[in-house]
Q: 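Handing you this structure, nothing more for now.
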Amino acid sequence: MSAALKRLTAFLFELRFEDLPKTVVAQAERCLIDLLGTAAAGALTPASQIARDFSATFLGAGAGTSGASLLFDGRRCSAVGAALAGGITIDAIDSHDGHRLVKGHVGCAVLPALLALIQDLVVTPTGREFLTLLVQGYEIGTRAGIVQHASTCDFHSSGSWNSITCAALGTRLMHLDQEKLRHALGIAEYYGPRSPMMRMVAHPTMVKDGSGWGAMVGVSAAYLARQGFSGAPAAIIESEAAGALWADLGVCWRIEEQYFKPYPVCRWAHPAIDAALDLKHRHALTPQQIERVEIRTFAAAVALGSRVPTETDAAQYSTAFPVAAALAHGQVGTEEITGRGLSDPLTAALQKRIVLVEHGPYSNVFPAERWAEVVVSTTDGRRLASRPATPRGDPECPLRTDELRAKYHALASTSLEAGRMTRIEDAVFRLADGTRGLREILQELFRPPDCQSRLSQDLVL
């Protein structure tokens, strides 16, 4: 057995809440509230509605199982179905946290997998135990993603390596032994959805980052291993090349390296949005004053392109569109990338004036760093250049907790009434002190949205 697998086994089965640094606990709370706000908004999207209908119809709970309720829905299905639909629901609004080196997201798969598993296994962890499980997911998932990116030249979606993360958490909740853990990890790696992410970038659709499928595969892998299905080894963990990255598990806390998004679009567009907003505010620019916009950024952000979106998925996977929305309205929120925001005439007019240019030095430091600069040519002959921008919300320039809570309110208020929204928020930030259990959150999560807001009316099928 490899040293990496031994370390992962000990970390997974022996870690307790008391072992977590206070900063790690605080970050877990921040990740959780961010994911739940994103899920509440995502539940209104066509992608989420289709996925939930699919799981309720075709992935029902079998005889002898408890099943699980669908996130922000309430209908029952199997644990694998709930994990699938939950991951797609969070992924439907690209506002959740992420990690630069994995070029993707851990929590988007981990949270729905945990929610599905604890229901089906009829276990209700304490609030502290749930935060511990969440931290374990981030620590395992981030490392799995880094290893996979280092081992292949293709850019695969987050679901591909998150399947391993969800399988690991399943084995802990099922109290499986080390050998079954090994097989669960191997099954998850083998069957994990190695979705070609750059195809999604070129042709944005509802398939997004594959997180729902990664969660489903990981949960399935844990159940299969429990029944004796074999699949070991998982190269992401047991290969010699992977060993060094797992050596600091439980010592270096990768959850603290997660970024948080101020805007609900692909992270690659964020530095350009920040640069554009800086110019708009410093020079009091109006849309009518802008003749041409040049965005200099890294190659991956250029690949997001400048096509005019007709659906929210394409708007979220664009660089030019959210920059145009920022210059037109001074903000990029859910209203700008959904419904009537997709046909806003000011945004459409500005998008036609945007040119994207790859800047070699910025491409060279990607993905560890993401940079952009914006140059605006005005109708009166001025040439206004932004400062080089790196996105807000990175570990070096983090969003404050009060900013994250305000973001949660902005997202959750699209679908939840104020009291319910506040009860979820209060319970999240009391999980660690033991005064609130997980039950207070769960009873709020497995019901349909409360209201059909203006946003939801724009989004529903």
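These values consider heavy atoms only, across backbone and side chains, with no hydrogens, waters or symmetry-generated copies.
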Q: With rounding to the nearest 0.5 Å, note down the distance linking CG in D209 to CE in M200.
A: 8.5 Å

Q: Suppose the criterion is side chain to side chain donor-acceptor pair (under 3.5 Å): which pairs have a residue in residues 101-113, not counting sequence neighbours?
A: none

Q: When you check the side-chain N and O atoms of E257 and T142, is any donor under 3.5 Å from an acceptor?
A: no

Q: For H283 and Q289, test the side chains for any donor-to-acceptor distance below 3.5 angstrom and give the result as yes or no.
A: no

Q: Can R52 be said to sit on top of F72's aromatic six-ring, NZ or CZ under 6.0 Å from centre and within 45° of the ring axis?
A: no

Q: Under a 3.5 Å cutoff, is there a donor and acceptor pairing between the side chains of Y263 and D94?
A: no

Q: Would you say the ring centers of F298 and F366 fall short of 6.0 Å from each other?
A: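 Distance test on ring centres: under 6.0 Å, yes.
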
Q: Would you list the pairs meeting ring pair (Phe, Tyr, Trp, His ring centres under 6.0 Å) in which at least one residue belongs to residues 36-55, sequence neighbours left out?
A: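 Pairs touching residues 36-55 that pass the test: F54-F58.
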
Q: Measuring centre to centre across the rings, with the benzene-like ring taken for any Trp, is H149 within less than 6.0 Å of F155?
A: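 That pair passes the under 6.0 Å test.
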
Q: Does A314 offer a backbone N or O that forms a donor-acceptor pair with the side chain of S318 under 3.5 Å?
A: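 Side chain of S318 to backbone of A314: no pair is present.
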
Q: F260 ring centre to R30 NZ or CZ under 6.0 Å, with the angle to the axis within 45°?
A: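 Geometry flag: set, cation within 6.0 Å and 45°.
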
Q: Is R296 salt-bridged to E294, cutoff N-O under 4.0 Å?
A: yes

Q: Verify, without hydrogens or angle tests, whether K280 (side chain) and A275 (backbone) share a donor-acceptor contact under 3.5 angstrom.
A: no

